[in-house]
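Chain A is the first sequence line, chain B the second, and so forth, proteins listed ahead of strands; every chain is numbered from 1.
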2 protein chains.
Amino acid sequence: MSNMNDVAKEAGVSRGTVSNYLNNRPVRSDSKASIERAIAKLNYVRNTAARDLRASKSTFVVLIIPTVWTPFFAELTYWIQKNLEGQGYKMILCISNSEFDHEREYVTMAEEQRVAGIITISYSDLTQHVDAEMPLVAIEKEKTGLFPLVTSDNYAGGQLAAEAFRERDVTQYICLGFDLDSMGAMLSRQTGFTDFCNEQHLSNKVYELPSSKQGRDVLKRAMMATLQEIITDFSDQKIGIFAISDAYAKMALTLLQEMKIDVPNKVQIIGFDGGKSSQNALPELSSIRQPVELIAQTATDNLNQQIRGEGKRHPVSRDILPVSFTEGMTTVKTK
Amino acid sequence: MSNMNDVAKEAGVSRGTVSNYLNNRPVRSDSKASIERAIAKLNYVRNTAARDLRASKSTFVVLIIPTVWTPFFAELTYWIQKNLEGQGYKMILCISNSEFDHEREYVTMAEEQRVAGIITISYSDLTQHVDAEMPLVAIEKEKTGLFPLVTSDNYAGGQLAAEAFRERDVTQYICLGFDLDSMGAMLSRQTGFTDFCNEQHLSNKVYELPSSKQGRDVLKRAMMATLQEIITDFSDQKIGIFAISDAYAKMALTLLQEMKIDVPNKVQIIGFDGGKSSQNALPELSSIRQPVELIAQTATDNLNQQIRGEGKRHPVSRDILPVSFTEGMTTVKTK
DNA sequence: GTGAAAGCGCTAACAG
DNA sequence: CTGTTAGCGCTTTCAC
């Protein structure tokens, strides 16, 4: 593979001139012509790795994400990639499975590679292990306070769900879910929901389910038992189930349909997570939708500013983005 | 950020010795000790970008994929990432939306970055624009014959679906779908299905739907109309619908349920695509499952061999991987 | 074993 | 405008 020296020689000019040409700096038109000829002849393509080394900069950003299999993370990955690309970065995708050791290895890799920055979605205190000089933004959780955080307003989302149920004449409020992986966020959702219920004196109850890590069958069985309990205990009520994630919501819906329960007239369901891909799948769940695109944009913008040296630290930013309620087929229409 | 010179100076040895130490080459134990002290003191981390430039190699692989939002692509992305990581590569994720210009830009980027190799899932003839020296493997489609191809056996998948229906006493065979994006693969599925039916003298009919690019509502309406037509035309038959993708299958299922059609007793459905995440979502579709993990592994192994210079070109390999039928809730159980 | 020197491919500073 | 030079941070001979 030919390099700048070959081009310079072939064109009969010096390497510096070729460099100038490639970087759109003024070059006499005859040298320009011969350089172009040489490039075409030799099939030259510039080596950006060398360029970046020389400039001591990098155009890589590392994204560390638990998984890419769920709608929310898939969509988030998509938008982050698109934004970074728009800003001139290339994205190195690192899938952690939420394993701490794995996450740490990725951080090491990022530092060894001298990447421009890191975006993490980690539920452990990963950021403690990151050099303070490294531009980084955390999504969903960041406890150390050392790095900027972007998250959606999980608490408000819980409230919103409860409020939506109240407008739909629900008499028994249920919160369903639990997930160790992202405890903080999940807990906020739950608290938002129950706080609203309690403030408004609405009868509510929380049911915890096993972590999805224990396998689908365990979860499914537990969910089934829970639903049956709910149905019999509150047989004379209009039930509203707020599931802590769309995955739970969808599973609950399917099981209720198998049980021949009338959704949404007897039981209404609201999920949490969103992202268009879960929306696309029929039947459409009513759900609290996170502003995925906005999360991605906020995160990438912030990161870009850090890289550019425009600070954005001190005080470290905490962006809490608004969620919204999207009406699907699992809640009744309000007049 | 400190470099090897700083470490050498601090440790009172030469740069070469530090390099030897870092690469596990024999070093006298007292220099070793002082180097370690220096590294710790200066917080030194090696710069792999510089290392790779010097060695004229790269540890990056580019993955160009249409999207990451569907179960199949999400799972594929996951496994490719994991395999590449296991082989010591970092993966640059490029999401093309199946846009040709976009794909080409990614290829240029890859060549400028001097990446070790490229994995593409492209439905245009992208590979014509790739330097023949660049290690590359195509997934699903590669027409030029210049680069290795890994794909699942779409034709056999169609046959398999028809065969499954026959075992389940279906009397009217329907093939549902159409997608410009991945025409080749989709067509093979359809042909496999209809060929089997025709060979076995089974009454069959193909319905084409608008591309999903035209939006969900258009598709949904068309699907609804088609299903109604099918139901009335074949009201006295046991119908088997083979949908060309799980997305179509799921949509068909939902609509049929809305229409109060008995699935699977009146109408049975088999989808195509697979990947555990679509399996995870209840209700479970009966489906032709692609060996996603195997596709990923075959592709990454092949790429790795190319990079290592073990050829694997001439003749260029064509790996056609076996699909399988997975029983879900949308077909009747056989005795 | 270790130091000195050359060089991966490029950019930037500076004379001319 | 262009050639020369130095050097990004590392590895790799090759003497000693």
Legend entry - A:R46 side-chain proximity, nearest of D:dG3, C:dC10, D:dT12: C:dC10
Inset, instruction - Give a yes/no answer on whether the side chain of A:N3 brings an N or O atom under 4.0 Å of OP1 or OP2 in C:dC8. - result: no
Inset, instruction - Identify which nucleotide among D:dT12, D:dT2, C:dC8 has an atom closest to any side-chain atom of B:S19, counting heavy atoms from C-beta outward. - result: D:dT12
Inset, instruction - Output the single nucleotide from D:dG9, C:dT11, D:dT11 whose closest atom is nearest the side chain of B:R54. - result: D:dT11
Inset, instruction - Name the closest nucleotide to the A:S14 side chain, picking from D:dC10, D:dG3, C:dC10. - result: D:dG3
Legend entry - Per A:P26 side chain, nearest of listed nucleotides D:dC10, D:dT12, D:dC1: D:dC1
Legend entry - From CA spacing to verdict: side chain to side chain donor-acceptor pair (under 3.5 Å), B:Q297, B:E293: CA-CA 6 Å; B:Q297 197 181 129; B:E293 189 175 350; 5.1 Å; no
Inset, instruction - Please check the phosphate of C:dG9 (OP1 and OP2 only) for any side-chain N or O of A:N5 closer than 4.0 Å. - result: no
Legend entry - 5′-ward residue of the pair A:R28/A:R15 relative to DNA chain D: A:R28
Inset, instruction - Return the nearest nucleotide to the side chain of A:L53; candidates are C:dG9, D:dC10, C:dT2. - result: C:dG9
Inset, instruction - Taking only the side-chain nitrogens and oxygens of B:S31, find out if one of them lies under 4.0 Å from OP1 or OP2 of C:dT2. - result: yes
Legend entry - Nucleotide nearest A:N47 when distance is taken to its side chain, options D:dG9, C:dG3, C:dC10: C:dC10
Inset, instruction - Determine: side-chain N/O of A:S56 to OP1/OP2 of D:dC8, distance under 4.0 Å, yes or no. - result: no
Legend entry - Selection from C:dC10, C:dG9, C:dA12 that lies nearest to any side-chain heavy atom of A:M4: C:dC10
Legend entry - B:F60 six-ring face occupied by B:K90 cation (under 6.0 Å, within 45°): yes
Inset, instruction - Give a yes/no on whether any side-chain N or O of B:Y44 is located under 4.0 angstrom from OP1 or OP2 of D:dC10. - result: yes
